[in-house]
Amino acid sequence: MSYSDKTYSFFENVYEVVRLIPKGRVTSYGAIAKYIGSGGSSRMVGWAMNAAHGQRPKVPAQRVVNRVGLLTGRHHFETPETMQHLLEKEGITVVNHQVQNFKKVIWDPSVELL
DNA sequence: CGATTGACGTACG
DNA sequence: TCGTACGCCAATC
């Protein structure tokens with residue numbers, strides 16, 4: 001592990017929050033970044049998820065979408081359809097790679113988990 | 001060590 | 001209302 005303790009915490013922080021997302025709910029990168037305290041570093045959340053592959057316990061990255069509810073990270077899964085399939089399996093309706101009723105299924109850690 | 005990229009978000013025109 | 005520009009911070013080239 002060449003990562004600094006601070007950086008390591010950042011990644012672990014993201015993973016932990018993502019794992020806390022209830023089934024049938026989704027959150028946005030910005031919401032996670034804000035909860036961690038990185039501010040507008042929503043891109044860092046994406047980087048963390050990029051390293052989430054192979055993490056145990058499994059990180060439900062399919063529950064993390066952008067602020068529009070669009071499955072922008074679907075292409076990073078085993079297959080582009082895996083993300084949508086998992087979300088639909090959890091009861092989330094996804095049309096055209098976009099989460100329907102996004103306003104209902106949104107789960108903001110800085111609000112719900114506060 | 002400097003420049004570019006990246007699973008985003010907000011601001012501005 | 002829609003399209004474009006810029007900012008965040010870390011990792012990679």
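Predicted model, so just to flag it, every value in this text is computed and none were measured. Chain identifiers are assigned alphabetically (A, B, ...) following the order of the sequence lines, protein sequences preceding nucleic acid strands; residue numbering begins at 1 within each chain. For the numbers below, each heavy atom of this structure counts, side chains included, while hydrogens, waters and symmetry mates do not.
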Show which side-chain atoms of residues 67-76 of chain A pair as donor or acceptor with protein atoms under 3.5 Å away, not counting sequence neighbours.
unit_1, atom_1, unit_2, atom_2, d
A:R74, NE, A:L71, O, 3.1
A:R74, NE, A:H97, ND1, 3.3
A:R74, NH1, A:H97, ND1, 2.8

Show me the donor-acceptor pairs within less than 3.5 Å that the side chains of residues 105-114 of chain A make with the rest of the protein, sequence neighbours left out.
unit_1, atom_1, unit_2, atom_2, d
A:D108, OD1, A:S110, N, 3.0
A:D108, OD1, A:S110, OG, 2.6
A:D108, OD2, A:S110, OG, 3.4

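Base contact: A:A61 has a heavy atom under 4.0 Å from a base atom.
Within residues 99-112 of chain A, no residue has any heavy atom under 4.0 Å from DNA chain B. Applying a 4.0 Å cut-off to non-hydrogen atoms, the residues of residues 75-98 of chain A that approach DNA chain B are A:H76, A:F77, listed by residue number. Interface residues of residues 17-24 of chain A facing DNA chain B, ordered by number: none; criterion, heavy-atom separation under 4.0 Å.
A:W47 places its CH2 atom 5 Å from the C1' atom of B:dG6, with the value rounded to the nearest Å.
Applying the salt bridge (Lys or Arg N to Asp or Glu O under 4.0 Å) test to residues at least two apart or on different chains, the pairs with a partner in residues 81-103 of chain A are A:R63-A:E90. Pairs engaging residues 16-30 of chain A under the side chain to side chain donor-acceptor pair (under 3.5 Å) rule: none recorded [sequence neighbours left out].
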Using a cut-off of under 3.5 Å, enumerate the N/O to N/O pairs linking the protein to nucleotides 9-13 of chain B.
unit_1, atom_1, unit_2, atom_2, d
B:dG9, OP1, A:G30, N, 3.4
B:dG9, OP1, A:R67, N, 3.2
B:dG9, OP2, A:R67, N, 2.7

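Between A:L87 and A:V26 there is a side-chain heavy-atom pair separated by less than 4.5 Å.
Residues forming a side-chain contact (heavy atoms from CB on, under 4.5 Å) with A:T93 (at least two apart in sequence, or on another chain): A:V95, A:Q100.
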